[in-house]
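Before any comments, here is the structure.
Just so you know, these numbers use all the heavy atoms, side chains as well, and skip hydrogens, waters and symmetry mates. Everything numeric in this text was worked out from a predicted model, so none of it was measured. As the structure lists them, so they are numbered: ligands from 1, and atoms in each ligand from 1. In what follows, residues are counted from 1 in the order of the sequence shown.
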Amino acid sequence: MARTAASVLGRRVGEPDRRLPRNSAERWIEAFRAVRAETERRAAPLSAEDQVIQSMPDASPTKWHRAHTTWFFEQFLLKPHAPGYREFDERFAFLFNSYYVAAGPRHARPERGMVTRPSVADVAAYRAHVDAAVEQLIAGADASRMSAIAPIVEIGLHHEQQHQELLLTDILHAFAQNPTSPTYDERWRLPRVRTARMFVDIPSGLHEIGHDGEGFCFDNEQPRHRTFLRDVAIRRHLVTNKEWLEFIADGGYATPALWLADGWAKVQADGWEAPGYWRRIDGAWFSLTLGGLKPVDPAAPVLHVSYYEAEAFARWAGKHLPSEAEWEVAARAGLFADADGVAWQWTRSAYLPYPGYRAADGALGEYNGKFMVGQMVLRGSSFATPDGHARPSYRNFFYPPARWQFSGVRLVDYR
Ligand SMILES: [Fe+2]
């Protein structure tokens with residue numbers, strides 16, 4: 001589903017046509033339209049009622065995602081760069097600012113589900129208003145204005161693509177609270193991938209990781225720097241549900257020695273006995289997916305596991321989670337059968353600044369840097385990640401107990 005949408009223009013959505021000059025208006029308008037349309041396409045199967053719900057503080061309503069991504073363009077592009085721009089509604093900055101302290105006060109995140117107004121229709125009108133103003137700004141920009149606005153349009157598009165994935169993870173979490181197990185899209189299927197328990201060697205020694213300067217990246221992927229890897233082998237394929245069933249059957253969720261202390265506390269507090277959205281019905285495991293409630297497919301990669309579970313599984317298997325450097329070197333060496341497009345992969349690396357990293361001044365400097373504490377890095381991308389959004393240096397990050405993302409597991413072996 002997500003993958004079909006990704007090639008609306010015959011190339012990756014959000015990636016401007018490189019045959020056009022970098023600062024051509026045509027190139028940016030085309031990319032802008034494609035990304036904005038993809039958000040609407042993902043929201044389209046959802047009713048107004050679906051779009052208001054907030055099932056936990058970490059998840060946001062669909063309507064909020066649609067409005068917040070719009071506010072981002074209004075706040076960071078239109079207000080400073082579009083002379084005479086008229087705000088759609090001056091109250092929206094308070095409602096739809098997420099965490100940008102420098103951009104002013106904001107509504108409390110856990111209360112986003114309380115906002116029945118503006119309505120879904122109002123938010124659609126907000127999007128149309130901002131879309132028209134952005135396109136007008138780009139179309140009328142001279143060379144000097146274009147070089148100032150192109151980087152903001154670009155980060156706005158990558159930001160919106162991040163929310164496109166969150167829109168799906170968040171609505172699945174909301175549907176999982178509903179005893180009728182709603183279906184987002186009955187045609188949805190996890191991409192078919194081959195699976196095997198094969199390990200391949202990563203070349204040891206000095207390597208470079210981080211963004212290499214080609215195309216867009218977020219600031220947290222820089223500076224590129226050297227890192228030393230010892231001898232290690234990494235799984236070509238993701239861990240499967242079949243392996244997870246073996247872990248469960250072997251008492252994985254009932255053996256404290258396998259777990260980090262915080263992880264074991266979470267297992268006990270929340271009664272975890274299987275990955276997120278798994279339910280046992282008449283002795284068989286089912287899982288709520290975007291395609292509805294489905295029998296757990298043993299051959300498919302496991303999804304919706306937390307860092308705690310990934311770590312416990314690795315310990316049980318006598319293996320380890322990869323560091324993010326091991327993952328990136330292996331990805332660049334082409335060692336993975338399924339690096340992208342299935343499941344994000346937990347690494348054992350804490351989300352920390354690379355050597356010499358400094359967040360930019362101003363509100364956009366709040367994008368990544370201030371979250372570099374207490375979270376773990378995930379690498380790769382999932383089936384819900386818009387095509388072209390991720391890359392080998394991409395660093396996703398979540399708190400260790402989080403499991404509502406499309407997160408899976410890859411192992412390493414120090415032989
Ligand atoms: Fe955001």
Side-chain angles (χ1 to χ4, degrees), residues 2 13-14 31-32 35-40 42-43 51-80 88 91-113 115 118 123 126-127 130-131 134 151-174 216-221 344 351 359-360 362-372 375 378 381-382 384-386 388-390 394-399 402 404-406:
V13 169
F32 179 77
V35 170
R36 298 286 283 170
E38 172 63 10
T39 304
E40 295 301 279
R42 292 186 182 210
Q51 293 197 32
V52 177
I53 195 103
Q54 179 176 29
S55 53
M56 64 170 166
D58 282 344
S60 297
T62 299
K63 185 176 74 175
W64 185 90
H65 286 299
R66 294 173 65 205
H68 161 71
T69 49
T70 305
W71 166 83
F72 192 95
F73 285 108
E74 186 173 65
Q75 176 69 29
F76 298 121
L77 181 68
L78 296 174
K79 284 191 190 170
F88 180 80
R91 300 169 299 178
F92 283 15
F94 182 82
L95 282 178
F96 300 126
N97 176 359
S98 51
Y99 56 66
Y100 297 89
V101 176
R106 70 220 70 82
H107 189 222
R109 179 184 182 119
E111 309 295 320
R112 288 174 187 165
V115 181
V123 166
Y126 179 40
R127 287 182 68 89
V130 166
D131 285 352
V134 170
I152 306 170
V153 174
E154 188 167 44
I155 197 171
L157 295 179
H158 286 268
H159 169 254
E160 183 143 349
Q161 289 186 314
Q162 292 181 314
H163 281 276
Q164 287 167 359
E165 176 150 6
L166 294 173
L167 187 156
L168 295 180
T169 58
D170 292 357
I171 198 64
L172 182 59
H173 187 269
F216 175 83
C217 75
F218 287 109
D219 62 354
N220 60 6
E221 298 165 56
W344 291 98
Y351 180 48
L364 281 176
E366 296 183 47
Y367 201 108
N368 284 306
K370 71 181 187 181
F371 300 109
M372 291 176 173
Q375 308 201 55
L378 299 98
S381 65
S382 86
T385 312
H389 178 69
Y394 195 98
R395 306 174 80 199
N396 198 354
F397 50 93
F398 280 93
Y399 289 99
W404 90 108
Q405 297 299 305
F406 302 112

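Ring centers of Phe216 and Phe218: under 6.0 Å apart, within the cut-off. Ring centers of Phe76 and Trp71: under 6.0 Å apart, within the cut-off. Checked against the 6.0 Å centroid criterion, the rings of His163 and Phe72 do not qualify as a close aromatic pair.
Counting only distance, with no hydrogens or angles, the side chain of His68 and the backbone of Phe96 share a donor-acceptor pair below 3.5 Å.
Using a cut-off of 4.0 Å between Lys/Arg side-chain N and Asp/Glu carboxylate O, Arg127 and Glu160 are scored as salt-bridged.
Listed by chain and residue number, the protein N/O/S atoms under 2.8 Å of the Fe ion (ligand 1) are His68 NE2, His159 NE2, His163 NE2, with waters left out.
Residues passing the side-chain contact (heavy atoms from CB on, under 4.5 Å) test with Ala43 are Gln51, Thr62, Arg66, Leu167, sequence neighbours excluded.
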